[in-house]
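Only one structure is covered here, and it is reproduced in the block below.
Here the structure is a predicted model, which means the values were calculated and not measured.
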Amino acid sequence: LRVAAQRARTVAFRRTTVRFASDSSPAVVKEGAAQGSSGAAASGAGASKRGSSLGQRVAAFAVGFTVATLGSYYVVLDDMWQSASQIDERIAQLKLDVADANAALHQRILALEREVAELRSE
């Protein structure tokens with residue numbers, strides 16, 4: 001089957017000719033279509049498609065831009081959520097560190113106040 005399909009493609013490629021329309025834009029047409037063997041192919045060969053219109057190009061650009069924007073929005077939003085959670089974790093850790101340092105300072109102040117009270121009583 002592969003050999004037959006490859007042979008059919010080769011034959012179809014050899015039968016393909018390049019015909020230039022009156023405005024010098026190339027149009028690729030099979031020989032059978034150019035001779036009018038198929039009614040639908042012959043009508044399609046007469047009207048060569050030159051490309052997409054400006055509206056189609058703008059619409060394609062708009063769709064691509066929208067998809068890219070939404071993808072970027074998702075990535076940025078995900079990064080923001082991860083950053084916010086990391087910041088929250090760091091703040092919680094700093095809170096614990098400050099509370100521990102505050103408790104240690106409070107114990108030192110109490111010890112110093114006891115020493116001062118003992119010195120005054122002498």
Side-chain angles (χ1 to χ4, degrees):
L1 285 174
R2 284 186 179 175
V3 174
Q6 179 65 31
R7 193 172 292 150
R9 282 191 294 250
T10 304
V11 169
F13 179 73
R14 288 181 185 162
R15 288 185 181 171
T16 304
T17 59
V18 177
R19 182 184 61 166
F20 291 91
S22 60
D23 62 350
S24 298
S25 62
V28 177
V29 179
K30 290 187 178 180
E31 285 182 4
Q35 294 171 358
S37 64
S38 170
S43 65
S48 68
K49 184 71 175 164
R50 293 182 50 179
S52 57
S53 67
L54 179 63
Q56 290 172 331
R57 290 179 185 182
V58 169
F61 173 78
V63 168
F65 181 79
T66 303
V67 169
T69 301
L70 290 175
S72 299
Y73 176 75
Y74 174 75
V75 169
V76 169
L77 186 65
D78 187 45
D79 285 347
M80 285 177 47
W81 278 105
Q82 287 180 0
S83 298
S85 66
Q86 289 175 356
I87 289 171
D88 288 342
E89 290 172 4
R90 293 295 299 254
I91 289 173
Q93 185 63 36
L94 285 173
K95 227 181 206 182
L96 292 175
D97 291 345
V98 168
D100 291 342
N102 192 14
L105 288 174
H106 192 285
Q107 292 298 324
R108 287 178 63 190
I109 290 172
L110 289 176
L112 288 173
E113 285 178 350
R114 275 190 236 126
E115 276 185 40
V116 169
E118 286 177 11
L119 289 175
R120 285 187 184 170
S121 64
E122 290 180 5

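Put simply, the side chain of Ser83 does not reach to within 4.5 Å of the side chain of Met80, judged on heavy atoms. Side-chain contact between Phe65 and Thr69 is present, with heavy atoms from C-beta onward closer than 4.5 Å.
Between the CG atom of Leu110 and the CD atom of Glu115 there is a distance of 12.0 Å, given to the nearest 0.5 Å. Here the CD1 atom belonging to Ile87 is positioned 10.5 Å from the CD atom belonging to Glu89, to the nearest 0.5 angstrom. Atoms CD and CG, from Gln107 and Leu112 in turn, are 11.5 Å apart once rounded to the nearest 0.5 Å. Interatomic distance, CD of Gln82 versus CG of Asp78, reported as 4.5 Å (0.5 Å rounding).
The two residues Ser53 and Gln56 come nearest to each other via the heavy atoms N-OE1, 2.9 Å.
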